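Here it is, the structure, as structure tokens.
A quick note: this is a predicted structure, and the numbers were derived from the prediction, not measured.
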Amino acid sequence: MIELKNISKSFGKTQALRDVSLSLSAGKCIGLIGPNACGKTTMIKSILSMVVPDHGTIYFNGKNIHKEVQYKNDIGYMPQIGRYPENMSIKQVINMIRDIRCFDGVEDTALYDAFGLEHFDGKKMRTLSGGTTQKVSATIAFLFNPSVLILDEPTAGLDPLASEILRDKIIKEREKGKLILITSHLLSELDDMLTDIIFMQESEVIFNKTITALFEETNESRVSKAISKLLKNIK
């Protein structure tokens, strides 16, 4: 579904991505893991054409995304920090995105309903807590029933109940055969959700494994412990 071939990107003297090649398939929920400044965000922004790689090619359903925009209609993106017009209400923001997307299918309002946003949709974005803003971002990411979901630290700022609602939704969308890419520093929250792990460090992919292979190789049953053990063995 998404293929990265020999992607490299530098910002001045800083190498953000170094010859990254990956194949991301439908039906997988992939954890993109690694320390800060390892290249995760640059990779995501490259897929979204928010960053243009210096070298390499990215394909979406077999088509080069360079100078393409239409493919983005098949992607739901939840940023780590959502930034919206402060004077607009939740309802106005969602309607604005509707107008931009020109979506003619059946909207997925499950998160909007589960989060109870109808009780707050008249509130201005500037008055919202970080957690409520995250709920708006999650709702928009899933709203247009995309085949690909890219979720950057999706549970950051959410209360435990909202986090569980979002986790359940992610699992349901994975079971529908969608491709889901998640970045998170809270490895404990990734248990039961992921099918694969990509670990990045210093702008490179250190390993790319299925969860089954990771657990078998490390004899662990939790993502955080398995990654820790594998990294010790690599070193």
Side-chain angles (χ1 to χ4, degrees), residues 24 27-36 38 40-41 43-45 47-48 75-84 89-91 93-94 97 107-121 123 125-200 210-211 214-215 220-228:
L24 312 176
K28 292 192 173 186
C29 185
I30 304 169
L32 182 60
I33 310 300
N36 290 333
C38 70
K40 301 189 303 292
T41 299
M43 191 178 106
I44 286 174
K45 289 186 175 180
I47 293 172
L48 295 169
I75 298 178
Y77 173 50
M78 181 180 176
Q80 182 176 357
I81 300 175
R83 303 189 187 281
Y84 305 98
S89 67
I90 292 175
K91 185 174 183 178
V93 166
I94 292 175
I97 303 299
E107 292 183 351
D108 183 349
T109 60
L111 286 180
Y112 180 87
D113 297 335
F115 289 147
L117 288 180
E118 72 274 10
H119 301 300
F120 308 98
D121 65 6
K123 288 194 172 185
M125 297 303 298
R126 68 171 180 271
T127 69
L128 302 183
S129 66
T132 303
T133 301
Q134 281 289 87
K135 292 176 183 178
V136 173
S137 294
T139 296
I140 292 171
F142 287 80
L143 185 61
F144 304 104
N145 200 21
S147 58
V148 176
L149 289 154
I150 299 177
L151 313 175
D152 192 359
E153 299 285 348
T155 60
L158 292 181
D159 60 77
L161 176 58
S163 293
E164 193 62 27
I165 288 171
L166 182 54
R167 279 171 49 84
D168 288 345
K169 180 61 173 172
I170 290 169
I171 291 171
K172 287 179 181 177
E173 297 307 294
R174 180 198 69 195
E175 292 172 348
K176 292 178 183 177
K178 297 185 179 183
L179 167 60
I180 305 171
L181 186 63
I182 302 175
T183 72
S184 179
H185 287 97
L186 301 174
L187 299 185
S188 60
E189 294 194 355
L190 299 179
D191 290 326
D192 303 325
M193 281 199 296
L194 302 183
T195 61
D196 296 75
I197 284 279
I198 296 170
F199 188 88
M200 296 186 68
T210 66
I211 290 294
L214 179 66
F215 287 168
E220 295 287 351
S221 59
R222 294 183 61 187
V223 171
S224 56
K225 288 187 175 182
I227 291 177
S228 177

Nearest heavy atoms of G34 and F199, plus distance in Å
CA-CE1, 3.9 Å
Using the salt bridge (Lys or Arg N to Asp or Glu O under 4.0 Å) criterion, which residues pair with R174? Sequence neighbours excluded.
none
Give me each pair satisfying salt bridge (charged side-chain N to carboxylate O under 4.0 Å, His left out) with a member in residues 147-163, each pair once, sequence neighbours excluded.
K135-D159
Which heavy atom of A138 sits nearest to which heavy atom of L111, and what is that distance?
O-CD1, 3.7 Å
Quick check: closest heavy atoms across F120 and I90, and the distance to 0.1 Å?
O-CD1, 3.5 Å
So R167 and E164, salt bridge (charged side-chain N to carboxylate O under 4.0 Å, His left out) or not? Walk me through it.
CA-CA 5 Å; R167 279 171 49 84; E164 193 62 27; 3.7 Å; yes
May I ask you to check whether over 12 heavy atoms, not counting those of K169, lie within 6.0 Å of atom NZ?
yes
Look at the side chain of K178 and the backbone N and O of P146, then say whether any donor-acceptor pair between them is shorter than 3.5 Å.
yes
Candidate pair T109 and L143, rule side-chain contact (heavy atoms from CB on, under 4.5 Å), full reasoning
CA-CA 6 Å; T109 60; L143 185 61; 3.9 Å; yes
Non-hydrogen atoms of G31 and L194 that approach each other most closely:
N-CD2, 3.6 Å
Under 3.5 Å, side chain of D121 to main-chain N/O of S89, donor-acceptor pair present?
no
Taking only residues two or more places apart in sequence or in another chain, which ones pass ring-ring contact (aromatic ring centres under 6.0 Å, His included) with Y84?
none
Return yes if some donor-acceptor pair links the side-chain N/O of K40 with the main-chain N/O of P35 below 3.5 Å, else return no.
yes
Can you tell me if Q134 uses its side chain to pair, donor with acceptor, with the backbone of T155 under 3.5 Å?
no
Ignoring hydrogens and angles, tell me if any N or O in the side chain of S129 forms a donor-acceptor pair with the backbone of T132 under 3.5 Å.
yes
Checking side-chain contact (heavy atoms from CB on, under 4.5 Å) against K45, which of T41, I47, L48 comes through?
T41
